[in-house]
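Worth saying up front: this structure is predicted, and the values here are computed from it rather than measured. Below, read A as the first sequence line, B as the second, and so on, with proteins coming before strands; counting in each chain starts at 1.
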There are 2 protein chains.
Amino acid sequence: MARERKYTDEDLFHATKQMIIADGYEAFTFSKLASVLNVSRGSIYKYYENKDELISEFLMYEMNRFLKKFNDLDKSGDFQTQFDLIITFIFEQSNIHQVVEIIPQIPISTTKRVEDNKSKLSEYYVDMYEQFQGFIELGRKENVIKNHIPTAVLLGMIFQTIAIPNHFGIPQAEWISSIKEILSHGMFEK
Amino acid sequence: MARERKYTDEDLFHATKQMIIADGYEAFTFSKLASVLNVSRGSIYKYYENKDELISEFLMYEMNRFLKKFNDLDKSGDFQTQFDLIITFIFEQSNIHQVVEIIPQIPISTTKRVEDNKSKLSEYYVDMYEQFQGFIELGRKENVIKNHIPTAVLLGMIFQTIAIPNHFGIPQAEWISSIKEILSHGMFEK
DNA sequence: TTATTAAGTGACACTAATGTCACTTTCGAT
DNA sequence: ATCGAAAGTGACATTAGTGTCACTTAATAA
């Protein structure tokens with residue numbers, strides 16, 4: 001039919017992810033991306049009209065991947081089992097945090113494809129939130145989670161902890177178990 | 001002596017802060033700043049050679065302000081009293097988080113002033129860290145803080161919590177007391 | 001009043017990125 | 001072999017930001 005592509009969508013999204021995690025939304029340019037992929041800038045315009053469109057497609061791809069993996073987690077165990085599973089999972093997927101933070105940075109766009117993607121992304125976001133909400137509900141039903149603390153705070157805490165910078169290079173296992181301990185029973189001895 | 005200035009350093013740093021918090025380091029330009037301050041771009045070059053220099057000066061100013069205020073806190077009470085005081089303080093200064101995150105984003109510069117500021121900033125950072133470390137030590141001495149959890153994790157958790165986005169608009173007082181509760185005694189009932 | 005001096009301006013040359021498009025390449029189907 | 005179609009290129013015009021500088025403006029000390 002036509003000639004072979006020099007790079008797959010996966011290549012492109014992978015490079016995009018690295019660049020965005022390293023330098024943020026504004027620093028991302030077609031010029032840099034093209035040079036990373038060893039293609040001409042012009043060829044990227046064959047698939048994406050501009051940076052907003054490319055990034056919104058990338059975010060769709062990432063969110064999809066994350067939600068699929070999350071859905072594949074074993075939901076049969078009791079709350080404690082799921083808590084351990086989910087914390088570990090979130091730390092494995094720790095860059096999802098930097099990814100979702102990009103969403104609100106996409107400016108109000110002129111092109112339909114971008115706006116469609118943005119609204120789909122917020123649906124994904126709600127979807128994800130509801131899944132985690134279900135998990136918190138389970139904890140409340142089993143009387144493990146304190147009832148007087150709002151769900152938004154609980155989820156916020158859990159998600160925010162994955163972004164704590166481990167400046168001092170504490171080993172991953174100790175790092176995660178310490179955080180799990182604080183989330184469960186706090187910093188205090190008593 | 002000479003004509004009056006149209007804007008003070010404070011004006012300039014305030015505008016810079018707003019712009020950086022809203023859109024990040026890369027999106028900051030002299031053009032936008034000048035138009036916010038209603039002056040010509042050229043006049044800003046009278047004081048700062050370029051964006052890196054301006055932002056490094058801004059960060060110095062912010063860190064100084066933060067450390068002064070922190071030093072003014074009452075350090076006489078027991079751990080519990082100081083814990084409450086410090087958490088409240090950190091929430092009041094919640095944008096310090098976005099500010100310190102800018103520091104590593106300043107590229108390796110050619111000008112001496114920028115490099116000097118960067119090294120002073122890392123001194124400030126160490127200074128701040130040591131202050132908080134002292135606070136954690138107190139908690140350990142009073143046997144309030146769990147001894148087996150590394151200080152880096154404890155401080156990381158405390159600092160990260162101020163950045164949790166309160167999407168659902170939970171009232172500030174409830175928000176802070178919930179977070180304090182989790183940090184102290186965890187999410188779990190038992 | 002006027003000389004001095006710092007503050008501020010806007011035009012100029014430069015750089016880096018954008019978006020477009022006619023053109024070339026390479027594949028497979030006919 | 002050759003044609004159609006998608007992939008890829010590089011040159012061009014455009015836009016947005018940078019850094020510089022001769023010049024104008026306005027305060028004030030003499």
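One finds a side-chain N or O of B:Ser31 lying less than 4.0 angstrom from the OP1 or OP2 phosphate oxygen of D:dT18.
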Problem - B/S/- contact track for nucleotides 8-14 of chain D, protein heavy atom under 4.0 Å - result: BBB----
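Because its NZ or CZ atom is both nearer than 6.0 Å to the ring centre of A:Phe70 and within 45° of the ring axis, A:Lys75 counts as a cation-pi partner of that residue. At least one test fails for B:Arg41 against the ring of B:Tyr45: distance under 6.0 Å to the centre or angle within 45° of the axis.
Rounded to a whole Å, the CD atom of B:Glu53 is 15 Å from the C1' atom of D:dT18. If you take OH of B:Tyr25 and C1' of D:dG17, they are 14 Å apart, rounded to a whole angstrom. Taking atom NZ on B:Lys51 and atom P on C:dT15, their separation rounds to 19 Å, with Å as the unit. Between B:Leu33 atom CG and D:dG17 atom C1' the separation is 14 Å, expressed in whole Å. Straight-line distance from the CD atom of B:Glu49 to the P atom of D:dG19: 9 Å, rounded to whole Å. A:Asp9 places its CG atom 16 Å from the P atom of D:dA6, with the value rounded to the nearest Å. What separates OH of B:Tyr48 from P of D:dT20 is a distance of 17 Å, to the nearest Å. Here the P atom of nucleotide D:dA7 and the CG atom of A:Leu37 are 15 Å apart, to the nearest Å.
Of the residues A:Leu183, A:Ile179, A:Ile149, the one that meets the side chain to side chain contact (heavy atoms under 4.5 Å, CB included) test with A:Met157 is A:Leu183.
Scanning all heavy atoms of the two residues, the minimum distance from B:Tyr47 to B:Glu53 falls at O-OE2, 4.2 Å.
Residues satisfying the side-chain hydrogen bond (donor to acceptor under 3.5 Å, both in side chains) test with A:Asp72, not counting sequence neighbours, are none.
Below 30°, between 30° and 60°, or above 60°: for B:Phe188 and A:Phe83 the angle between ring planes is above 60°, a perpendicular geometry.
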